[in-house]
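Only a predicted model underlies this, so the values are computations on that prediction, with no experimental measurement involved. For ligands, and for the atoms within them, numbers begin at 1 and follow the listed sequence.
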Amino acid sequence: MAPTEPADLDAADLHPALGDPALTSMNFLNEVSERYPTAVSLAAGRPYEEFLDVAAVHRHLDTFHRHLVDELGHSAEQARRLLLQYGRTKGIVHHLVARNLALDEGITVDPEAVVVTVGCQEAMFLVLRALRAGPTDVLLAVAPTYVGLTGAARLVDLPVWPVAGGPSGVDLADLRAQARRARDAGLRPRACYVMPDFANPSGVSIDVADRQRLLTLAAEEDLLLLEDNPYGLFAVADGPRPPTLKALDTDRRVVYLGSFAKTVLPGARVGYVVADQRVAGPDGRLGPFADQLAMIKSMVTVNTSPLAQAVIGGRLLEHGCSLVPANTRERAAYARNLRHLVAGLARRFADRPEVRWTVPAGGFFVVVTVPFTVDDALLDTSARNYGVLWTPMAHFYDDTAPVRALRLSVSAVTPEQIDVGLDRLAALITDELLGGRS
Ligand SMILES: Cc1ncc(COP(=O)(O)O)c(C=O)c1O
């Protein structure tokens, strides 16, 4: 609608990303859940709230404060300044992040190559902002794609060029074909965004052989890989986890994006990026790409709240910097829920071969495929008439083609809520199969 008062703004004069489905997606989904507060939510990919503990936050803060004084030798005054003043742009828990990555992921990284960010979301934004140098730049991204990545790309005017994900997590032939197609069209693919472990939203993981092939292909096609890994810790089975791309990366081809939202505390809003690619700085000296990202960060969020970093740092220190034992309870609960959800789908849809679902080896998400279009209107019907929320998979595709799938999340619910949610979802799906919406 056009503005009516002289000081009003015309949306057409604002950044074109505003109003784009990628930017409105998260708000839309939040609004639906606010409008139907009694609906069971199999939509939210949030950590289970009973695990969040205010008292622990105080303890973590104290632990990190003691670390500054007792282990790093800071005076009381220096420690106070580090915690309460403006601070280092690249962060104050970078050494602990590096230790955590060495222990949990076998990633050896210079702490100077780490930028601690306001969630992984900021890390994605900084990297995309830095990579987008001109109008011919594009980002390849495995589809379906996390909508936060697509939205961040929109904000920096970087078109997202989809690459088929498929059952193996990334279709390597399609990745090569898309990189070449983009180049043939005069474009410059700057990187490929990929989530090798329990991807959001597909739940699919890439096996080790394909991780190796992906790295080889990236080298052959001269592509950076942006590896996003918020869910890697949450495997259903115990035992060794596959190496991350970054752990296998011998020539600094991988920019690694990390989040503490699922493994420590979402409200702290702390994530990070490992960017060890060498770049000449303004003085001509080679330094890590992290330094360039920090320049952008200094103009976006200045630095990540040191108090929030201290909470994360304290939790890391209390567990010897490994988040695997620190998440024993969480891993068990999410694995139990995932099994419960998959078994519940099998029970309810055993005699309906037209309804299919994925069986992920970990993470938070299961994708259900149905023989009808799943859109926002159906979600509204589901919330209003059936009392269950889920996420239309259409939100994770960067086009308007109809999508016949929905994402279920197991992270924020109990097994009992899963049962109720699935009963309601089964009623919705049965009614849709019988002939349409109410
Ligand atoms: C794949 C993926 N990347 C990044 C994020 C954002 O993480 P953060 O909360 O640390 O900003 C999420 C959050 O759900 C996610 O699913």
**Asked** Which atoms of ligand 1 are found less than 4.0 Å from any heavy atom of Ser259?
**Response** 7 (O), 8 (P), 10 (O)
**Item:** Subset of ligand 1 atoms that lie under 4.0 Å from at least one heavy atom of Pro230
**Value:** 1 (C), 2 (C), 3 (N), 15 (C)
Would you say [X] contacts ligand 1, with heavy atoms under 4.0 Å as the rule?
X	value
Gly271	no
Phe260	no
Gly148	no
Arg269	yes

**Cationic N near anionic O, under 4.0 Å, Glu112 to Arg88** = yes
**Electrostatic pair Asp398:Arg154 at N-O distance under 4.0 angstrom** = yes
Identify the protein heavy atom lying closest to [atom], giving its residue, its atom name and the separation to 0.1 Å.
atom	answer
atom 6 (C) of ligand 1	Tyr146 OH, 3.7 Å
atom 7 (O) of ligand 1	Cys120 CB, 3.5 Å
atom 14 (O) of ligand 1	Lys262 NZ, 2.9 Å
atom 16 (O) of ligand 1	Tyr231 OH, 2.6 Å
atom 2 (C) of ligand 1	Asp228 OD2, 3.3 Å

**Asked** When you check the side-chain N and O atoms of Thr244 and Glu105, is any donor under 3.5 Å from an acceptor?
**Response** no
**Partner of Glu221 under salt bridge (Lys or Arg N to Asp or Glu O under 4.0 Å), chosen from Arg176, Arg181, Arg190** = Arg176
**Item:** Ser205/Asp197 under side-chain hydrogen bond (donor to acceptor under 3.5 Å, both in side chains): CA gap, chis, key distance, verdict
**Value:** CA-CA 5 Å; Ser205 296; Asp197 293 283; 4.9 Å; no
**Message:** For Tyr334 together with Tyr231, are the ring centres under 6.0 Å from each other?
**Reply:** no
**Message:** So, taking the atom named CD1 in Ile418 and the one named CG in Leu425, what distance separates them when rounded to the nearest 0.5 Å?
**Reply:** 12.0 Å
